[in-house]
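Worksheet: one structure, shown below.
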Number of protein chains: 2
Amino acid sequence: MSASKRSANAMTVDQAVRDTLLRQFAGYRMKRAYLLVQEDMIETLAPFGLRTVTFSALAVVMGSPGISQSDLSDVLNIKRSGVVAIVDELEGAGVLKRKPVKEDRRTNALTVTAAGRRLWDKVEKAVQDHETALFCDLSPAEIAQLRDLLGRVRRTPSTDLEAEE
Amino acid sequence: MSASKRSANAMTVDQAVRDTLLRQFAGYRMKRAYLLVQEDMIETLAPFGLRTVTFSALAVVMGSPGISQSDLSDVLNIKRSGVVAIVDELEGAGVLKRKPVKEDRRTNALTVTAAGRRLWDKVEKAVQDHETALFCDLSPAEIAQLRDLLGRVRRTPSTDLEAEE
DNA sequence: TATTGTTATACTCTATAACTATA
DNA sequence: TATAGTTATAGAGTATAACAATA
């Protein structure tokens with residue numbers, strides 16, 4: 001009895017009523033929407049043996065061949081130590097390779113293998129398709145606008161300084 | 001040398017160049033934006049002794065006095081076992097109370113205390129202010145549109161069925 | 001002395017499963 | 001038999017700190 005709708009991925013009928021106070025916040029809606037995207041991405045990437053992080057890493061190395069693990073960690077906003085496992089995973093799958101750099105023997109230059117490039121082409125398409133499905137209620141113009149608006153969210157310097165009241 | 005900008009919370013100059021392939025995806029932008037909101041929320045809520053989850057729980061109980069822990073877990077999309085710690089935390093802080101229900105002695109009716117209501121008023125305002133700061137580059141109309149667009153993201157039934165190719 | 005990649009470790013968050021008391 | 005709340009446990013995911021090799 002009560003909220004017994006048990007739909008596999010949430011959002012019962014009552015929910016819309018019950019999170020009224022939360023839905024006033026764009027941040028809350030962002031979280032819900034992000035969770036949907038995240039769940040969807042997991043399913044989309046699974047057949048390719050990728051996780052969201054490894055997909056992102058592959059994308060970055062595709063766009064910046066020869067990038068170092070340190071720089072990759074900067075771009076992905078992940079600690080260097082975390083990048084190791086990610087690169088291990090992708091290298092183990094034959095998707096990318098660590099190449100020694102003559103000028104600086106501390107560094108690994110990351111490059112995508114031929115198999116990795118073929119994988120990227122397929123995955124990129126798959127993710128594009130899944131985004132299309134995810135945003136099927138939005139017009140192309142609205143999707144573009146959503147992308148634009150999301151890109152304009154930023155933390156103001158005053159917030160960073162945590163000098164409040 | 002290379003990407004040495006070391007800004008405390010990410011987004012170096014190179015980044016914009018390097019995640020080009022990822023920025024085509026609204027999902028990626030959603031993740032970045034969500035992470036900004038999340039970081040900001042943590043700082044905003046800390047002075048009130050709240051975390052994002054406990055803030056959300058408080059909001060839901062405010063809007064649905066007497067709600068059970070099970071129903072709360074449905075609304076928040078968290079397992080019942082996880083709700084226990086959240087309610088413990090809020091009850092320990094004197095923000096809400098578990099009340100026995102005569103008709104069903106298995107159930108707890110969650111209610112916000114007077115102190116909890118005062119807290120909510122302050123926190124709600126604080127979060128509203130921080131969202132204003134976060135979306136300072138957007139006009140009120142754009143914020144409303146962002147909220148609307150985010151609310152229209154959904155997983156299509158076909159995606160759920162994972163019946164692909 | 002600083003930086004790259006690495007390892008080991010700890011911490012946070014959440015899910016799973018089993019238990020109890022009620023229904 | 002099923003459900004509400006609880007507990008204990010395990011698993012992701014990520015951060016922190018220390019280390020070796022190199023600059």
Side-chain angles (χ1 to χ4, degrees), chain A residues 1-6 8-10 12 31 34-35 38-39 41-42 45-46 50-57 61 66-92 96-110, chain B residues 1-6 8-10 12 31 34-35 38-39 41-42 45-46 50-57 61 66-92 96-110:
Chain A
M1 307 88 187
S2 61
S4 45
K5 277 284 141 24
R6 271 330 109 111
N9 38 307
T12 59
K31 178 172 191 168
Y34 166 64
L35 252 58
Q38 179 67 4
E39 283 174 29
M41 274 294 276
I42 290 170
L45 295 175
L50 291 175
R51 299 181 292 141
T52 310
V53 261
T54 50
F55 166 77
S56 298
V61 180
I67 190 173
S68 72
Q69 293 186 197
S70 280
D71 286 354
L72 180 57
S73 92
D74 278 347
V75 178
L76 293 182
N77 223 348
I78 286 176
K79 293 286 164 285
R80 288 201 318 281
S81 55
V83 172
V84 176
I86 292 166
V87 175
D88 281 351
E89 198 174 319
L90 289 170
E91 194 169 35
L96 52 81
K97 271 180 67 178
R98 285 180 241 238
K99 288 191 183 174
V101 176
K102 304 168 196 57
E103 308 85 52
D104 186 343
R105 283 156 51 209
R106 296 172 301 181
T107 306
N108 293 332
L110 302 177
Chain B
M1 305 91 187
S2 60
S4 45
K5 276 283 139 25
R6 272 324 111 114
N9 37 307
T12 60
K31 179 173 190 168
Y34 166 65
L35 252 58
Q38 180 67 4
E39 283 174 28
M41 274 293 276
I42 290 170
L45 295 176
L50 292 175
R51 298 181 293 140
T52 311
V53 260
T54 51
F55 166 77
S56 297
V61 180
I67 190 173
S68 71
Q69 293 185 198
S70 281
D71 286 354
L72 180 59
S73 92
D74 278 347
V75 177
L76 293 181
N77 223 348
I78 287 175
K79 294 285 165 286
R80 290 202 316 282
S81 55
V83 171
V84 176
I86 293 167
V87 174
D88 282 351
E89 199 173 319
L90 288 171
E91 193 170 36
L96 52 80
K97 272 180 65 177
R98 286 180 240 237
K99 289 191 183 175
V101 176
K102 304 169 196 56
E103 307 86 53
D104 186 343
R105 281 156 51 207
R106 295 172 302 181
T107 306
N108 292 332
L110 302 176

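Throughout, protein chains are lettered first and strands after them, A, B, ... in sequence-line order, and every chain is numbered starting at 1. Worth knowing before you read on, the calculation uses all heavy atoms, side chains too, and leaves out hydrogens, waters and symmetry mates.
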Q.
Between A/Asp74 and A/Asp71, does the side-chain contact (heavy atoms from CB on, under 4.5 Å) criterion hold? Intermediate values first, please.
A. CA-CA 5 Å; A/Asp74 278 347; A/Asp71 286 354; 4.3 Å; yes
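- One finds a side-chain N or O of A/Ser70 lying less than 4.0 angstrom from the OP1 or OP2 phosphate oxygen of C/dG5.
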Q: Treat primed atoms plus P, OP1 and OP2 as sugar-phosphate and everything else as base, then score nucleotides 12-21 of chain C 5' to 3': B for base contact with protein heavy atoms under 4.0 Å, S for sugar-phosphate contact only, - for none.
A: -S-SBB---B
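- In terms of position on DNA chain D, the residue among A/Val101 and B/Asp88 whose nearest nucleotide sits closer to the 5' end is B/Asp88.
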Q: Give the C-alpha distance, both sets of side-chain angles, the deciding distance and a yes or no for side-chain contact (heavy atoms from CB on, under 4.5 Å) between B/Ile78 and B/Ile86.
A: CA-CA 10 Å; B/Ile78 287 175; B/Ile86 293 167; 4.0 Å; yes
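- Computed from coordinates, the B/Arg98 CZ to D/dA4 C1' distance equals 12 Å when rounded to whole Å.
- The backbone N or O of A/Arg98 lies less than 3.5 Å from a partner atom in the side chain of A/Glu91, making a donor-acceptor pair.
- Not a single donor-acceptor pair under 3.5 Å links the side chain of A/Asn108 to the backbone N or O of A/Leu110.
- Between A/Leu76 atom CG and D/dG13 atom P the separation is 14 Å, expressed in whole Å.
- Atom C1' of nucleotide C/dA23 and atom NZ of B/Lys102 are separated by 18 Å, given to the nearest angstrom.
- Atoms CG (A/Asn108) and P (D/dA21) sit 15 Å apart, rounded to a whole Å.
- A sub-4.0 Å separation between OP1 or OP2 of C/dT3 and a side-chain N or O of A/Gln69 is absent.
- Residue A/Leu96 holds its CG atom at 4.5 Å from CG of A/Leu90, rounded to the nearest 0.5 Å.
- You'll find the side chain of A/Thr52 reaches within 4.5 Å of the side chain of B/Lys31, heavy atoms only.
- Between the CD atom of A/Glu103 and the P atom of C/dT4 there is a distance of 15 Å, rounded to whole Å.
- A residue-by-residue look at A/Asp104 and B/Val87 shows that B/Val87 has its nearest nucleotide of DNA chain D further toward the 5' end.
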